[in-house]
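As structure tokens, the structure follows; a few thoughts come after it.
Predicted model only: the values in this text are computed from it and were never measured. Just so you know, these numbers use all the heavy atoms, side chains as well, and skip hydrogens, waters and symmetry mates. For ligands, and for the atoms within them, numbers begin at 1 and follow the listed sequence.
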Amino acid sequence: MNESHPVINNPLLSAMLEPLRIVFIVNPNSGTKVQQRIGQSIERYLNHRKFLYSIWHTAYPGHATELAKKAVEEGYQVVVAVGGDGSINEVAAGLVHTEVALGIVPAGSGNGLAMHLGYGRNMDEAIKRLNAAEPVRMDCGFLNGRPFVNMAGVGFDGMVSNLMQGQSFRGFIPYFFQSLKAGLVYQPKDCLLEFDGKVVEERCFVITVANGVMYGYNMSIAPDARIDDGLFSVVVLKDVPKWKYFAAVRSVVTGKIYEEDFVDHYTASEITIKTAGENYVHFDGEGARYEGDLHFKIEPKCLNVLAPRNGPYYDSAVSS
Ligand SMILES: [Mg+2]
């Protein structure tokens, strides 16, 4: 018996049977700490005929981007961000303009993109959904050259993200309190929005430049956004009177924010926002500060992402 197995002799079949190389990038300090048992969950729920896995841990901010680039160089086919929108942002920054697919296991605050793609918010469930996910190409946004995948924002949201930066404890409760704090001190600014050859003057409390639909916690700030149409949904919350804050939050939760009289919304593939002084901004919930013009540009279909089959996004992408 010297013959090799007929399947092994067929290069096409053996390529089909070859498991995909997948690496999970875990921030051991982020979010809700459930990711500390990620190894057990992967052992138990990942389809090991389909995937050959590794787990890498991050050690400092920005490390996830370096690790994602390393995974690309080493020939991994899937890189999974384990964490919240901030972790996804870092991993995606290492994968843009490659064929390597981004997967998500939500384990952190937020998880807006994970919810939109249909990974849910439970770690074990998300690993099962990875087993039955298909690559689709999504758009990426860039703010002054730095990428984001779900949304970026200017103003009040940016201040909240900057306040959250120093917090070791994440989740809805600290987010809620930092929002209240920022709500008391943040003052709306005059701003100019330049897009499609137009200039629009606004009084701006928050400007959200959205690729995806929602913040975490199922809050739809840009209900009409699509991650694959080559356009941003730009949502401006104007000078929101303090007594209308709760109305604003309720409308975000119910997906009816565009109906409020303190909201304007636009679509654009490129937009420049001009305001005086320093601006609080966020990239997928990670805070930063900028002086000068804020230039947003979309790059259509620049990232491969695994979308769970039967998830809300996959269904809409297949039917459209
Ligand atoms: Mg879009």
Side-chain angles (χ1 to χ4, degrees), residues 81 85-86 88-89 91-93 95-98 101-104 110-119 133-155 157-158 193-198 200 202 204 206-216 218-237 251-252 255-259 263-273 281-286 294-308 311-320:
D85 284 335
I88 295 166
N89 177 286
V91 171
L95 300 181
V96 290
H97 305 129
T98 75
L102 168 75
I104 302 173
N111 300 322
L113 186 63
M115 292 298 288
H116 183 58
L117 288 172
Y119 282 98
E134 300 286 344
V136 293
R137 288 204 83 84
M138 68 174 282
D139 306 333
C140 312
F142 290 81
L143 163 52
N144 291 357
R146 177 173 159 186
F148 60 94
V149 283
N150 192 36
M151 49 188 66
V154 185
D157 283 8
L193 276 55
E194 297 182 358
F195 60 99
D196 296 342
K198 286 181 290 193
V200 180
E202 293 270 19
C204 300
V206 178
I207 309 169
T208 298
V209 179
N211 192 29
V213 168
M214 56 185 119
Y215 297 128
N218 261 348
M219 295 174 52
S220 301
I221 185 69
D224 68 334
R226 284 198 61 93
I227 57 175
D228 55 5
D229 64 353
L231 292 166
F232 291 126
S233 294
V234 181
V235 188
V236 182
L237 272 63
S251 299
V252 168
K256 292 185 173 158
I257 190 70
Y258 292 175
E259 292 171 19
V263 173
D264 283 332
H265 67 99
Y266 310 95
T267 52
S269 59
E270 196 168 352
I271 181 166
T272 300
I273 298 171
V281 302
H282 76 85
F283 296 81
D284 294 323
E286 295 302 299
L294 300 168
H295 179 239
F296 295 82
K297 192 176 185 340
I298 207 157
E299 274 200 40
K301 314 255 165 116
C302 79
L303 179 67
N304 247 340
V305 62
L306 287 185
Y313 173 73
Y314 188 77
D315 284 349
S316 75
V318 169
S319 64
S320 64

Between Asp157 and His282 (side chain of the first, backbone of the second, donor and acceptor by atom type, cut-off under 3.5 Å), is there such a pair? no
Exercise. With the side chain counted from C-beta on, respond yes when Ile227 and Val136 share a heavy-atom pair under 4.5 Å apart, and no when they do not.
Key: no
Looking at Asp229, the N, O or S atom sitting nearest the Mg ion (ligand 1) is OD1
Under 2.8 Å from the Mg ion (ligand 1) - does any N, O or S atom of Arg226 fall there? yes
We want to know whether Asp196 and Tyr266 form a side-chain donor-acceptor pair, criterion being a heavy-atom distance below 3.5 angstrom. no
Value for OH (Tyr119) from CD1 (Ile88), rounded to nearest 0.5 Å, stands at 9.0 Å
Return yes when at least one N/O/S atom of Gly230 is nearer than 2.8 Å to the Mg ion (ligand 1), and no when none is.
no
